[in-house]
Amino acid sequence: MKFADLGLSPEVLKAVEETGYESPTPIQEKAIPYVLMGRDVLGTAQTGTGKTASFTLPMIDILASGQAKARMPRSLILEPTRELAAQVADNFENYGKYSKLSMALLIGGMSFSDQDAKLDKGVDVLIATPGRLLDHVERGKVLLNGVKTLVIDEADRMMDMGFIPDVERIVSLLPPLRQTLFFSATMSKEMRKLADMFLLNPKEVAVSLPTSTAATVTQGLLMVQKSEKRPALRKLLQQEKVKNAFIFCNRKKDVDILLGSLTKHGFNAGGLHGDMSQSHRMETLDKFKSGEIKLLVCSDVAARGIDVSSVSHVFNFDVPTHSEDYIHRIGRTGRAGQEGHAYTIVTKSETKYLDGIQKLVGRELPIITLEGMEEVVKEGAAISEREKKPGRGPRRGQRRSDEGASSAKSAQKETAPDEKKQSSRPSKKYEKNAEKGNNDRSSRSHHANDEPDTPVIGLGENIPAFFKIPLRKSAGK
DNA sequence: AAAAAAT
């Protein structure tokens with residue numbers, strides 16, 4: 001089967017050819033003819049199966065005839081995360097380069113004015129996350145009654161994230177006479193019920209078991225103590241032939257901590273989670289895709305659908321509590337039949353989640369051993385030793401930078417001791433402010449001197465002037 | 001228990 005047999009236009013075929021693809025994937029082969037016919041499609045497929053192109057390619061042809069009116073997009077694609085939305089936009093841009101299409105990407109964290117300008121000119125394709133789209137709708141910047149093709153992508157994730165009410169509201173604004181494509185990685189009863197609400201006599205297409213992990217991915221578990229996690233990960237990173245890797249944490253806070261630790265130890269790493277600024281998120285992801293950054297420490301925002309070609313490793317720094325997330329996370333590696341490696345670091349308290357995971361992947365995962373585990377144990381012991389006895393010595397300082405102040409041995413080996421002090425000081429941004437505060441104070445010194453000079457605890461020496469304004473008694477405790 | 005998404 002070739003792309004040319006699917007009924008796509010020469011413009012689209014040319015763009016596909018230039019990207020080097022020759023044969024459609026199973027989902028593309030099954031879905032594209034029906035999408036071109038104008039049928040509704042209920043698709044069960046994970047990302048990495050070529051799902052995105054299975055709707056972008058035919059949509060480009062469907063939209064080729066006709067013209068968009070101002071603020072009335074002709075098609076709408078809903079995605080659960082900003083990264084996925086951006087990825088779909090890239091896809092359109094790439095395959096639509098010979099078919100003049102206008103497109104707008106409506107996601108949070110980016111300026112309204114650019115998005116408004118595009119909407120005003122009229123767009124053929126609108127790609128959006130639900131929140132930002134509704135924002136535009138409420139401000140009257142976009143009318144959805146001209147949408148003839150709707151794509152609900154990653155519907156199961158939308159459900160997990162509580163987006164369904166938003167999606168329902170959006171769909172209620174659409175004309176009932178339209179084509180709808182509904183994709184989900186899993187097809188539970190709940191999903192079917194939801195699909196029934198949105199679809200009319202859909203053609204069902206499914207590829208590969210949703211719970212299957214690629215056979216080319218080598219998996220393993222590494223059992224350690226809690227305090228040994230970071231040293232163990234470093235050892236793993238050194239021992240494995242890591243070209244590039246996703247490193248998943250369960251919490252955003254831990255992403256920050258681990259990223260700091262890895263960077264301190266000289267690893268080329270970046271971080272990605274939902275509390276980072278959108279520009280930073282995009283920049284980091286681009287750098288990771290281009291290979292400028294080798295390790296991406298991330299939350300589950302990156303677990304699904306993010307498509308980075310040839311990722312050699314996935315490390316679970318924490319065991320995912322939802323077993324499906326395990327499948328999604330390790331699905332970042334071993335894509336398109338390539339080899340991949342997925343290692344999960346497990347502590348005693350996390351073993352309870354392993355059962356569900358092993359049931360889902362249908363086998364027991366092998367426990368791997370680490371060369372030089374003695375060293376890891378030693379480092380781990382040093383870390384936990386200090387965490388147990390914060391009473392000795394100056395409490396605050398020591399507690400703060402956990403492993404930064406880890407065993408003297410490892411610190412000497414890999415890090416300059418000075419760096420640690422810096423890390424527990426306020427960020428540069430604050431230091432700048434503090435300087436300003438200082439100058440301010442000196443220029444109006446009589447003011448500051450009028451106040452009783454109560455020491456401010458925990459801010460070091462550079463205290464912004466306004467912090468020294470005396471507080472009411474109630475706040476002072 | 002946490003992450004994602006609108007500010």
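Keep in mind that this is a model prediction, so the values were computed, not measured.
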Residues Gln115(A) and Arg132(A): side-chain donor-acceptor under 3.5 angstrom: yes
Matching residue for Glu204(A) among Arg192(A), Lys30(A), Arg39(A) - test: salt bridge (Lys or Arg N to Asp or Glu O under 4.0 Å): Arg192(A)
Whole-Å distance separating the CG atom of Asp160(A) from the P atom of dA1(B): 18 Å
Rounded interatomic separation in angstrom, taking CD from Gln115(A) and P from dT7(B): 9 Å
Sugar-phosphate only, base, or nothing, as touched by Arg281(A) at under 4.0 Å among non-hydrogen atoms: sugar-phosphate
OP1 or OP2 of dA5(B) under 4.0 Å from side-chain N/O of Thr81(A): no
Contact check, side chains of Phe182(A) and Val41(A), non-hydrogen atoms, under 4.5 Å: no
Minimum-distance nucleotide to Ser299(A) side chain [options: dA6(B), dA5(B), dA3(B)]: dA3(B)
For atom CG of Leu133(A) and atom P of dT7(B), their distance in whole Å: 13 Å
Distance in angstrom units between Glu138(A) CD and dT7(B) C1', rounded: 11 Å
Whole-Å distance separating the CG atom of Leu272(A) from the C1' atom of dA2(B): 16 Å
Sugar-phosphate, base or nothing in reach of Asp300(A), heavy atoms under 4.0 Å: nothing
Between dA4(B) (C1') and Asp153(A) (CG): distance, integer Å: 15 Å
Side-chain touch Lys226(A)/Lys348(A), heavy atoms, less than 4.5 angstrom: no
Arg132(A) side chain near dT7(B) phosphate (N/O to OP1/OP2, under 4.0 Å): yes
Any Lys252(A) side-chain nitrogen or oxygen under 4.0 Å from OP1 or OP2 of dA4(B): yes
Sugar-phosphate, base or nothing in reach of Gly162(A), heavy atoms under 4.0 Å: nothing
Whole angstrom value for the distance that separates C1' of dT7(B) from CD of Gln278(A): 14 Å
N or O in side chain of Arg157(A) less than 4.0 angstrom from dA5(B) OP1/OP2: no
No-H, no-angle donor-acceptor pair, His322(A) side chain to dA1(B) base, under 3.5 Å: yes
Whole angstrom value for the distance that separates P of dA5(B) from CZ of Arg304(A): 13 Å
Val35(A) vs Ile62(A) side-chain heavy atoms within contact, under 4.5 Å: yes
Donor-acceptor pair present, Thr321(A) side chain and dA1(B) base, under 3.5 Å: yes
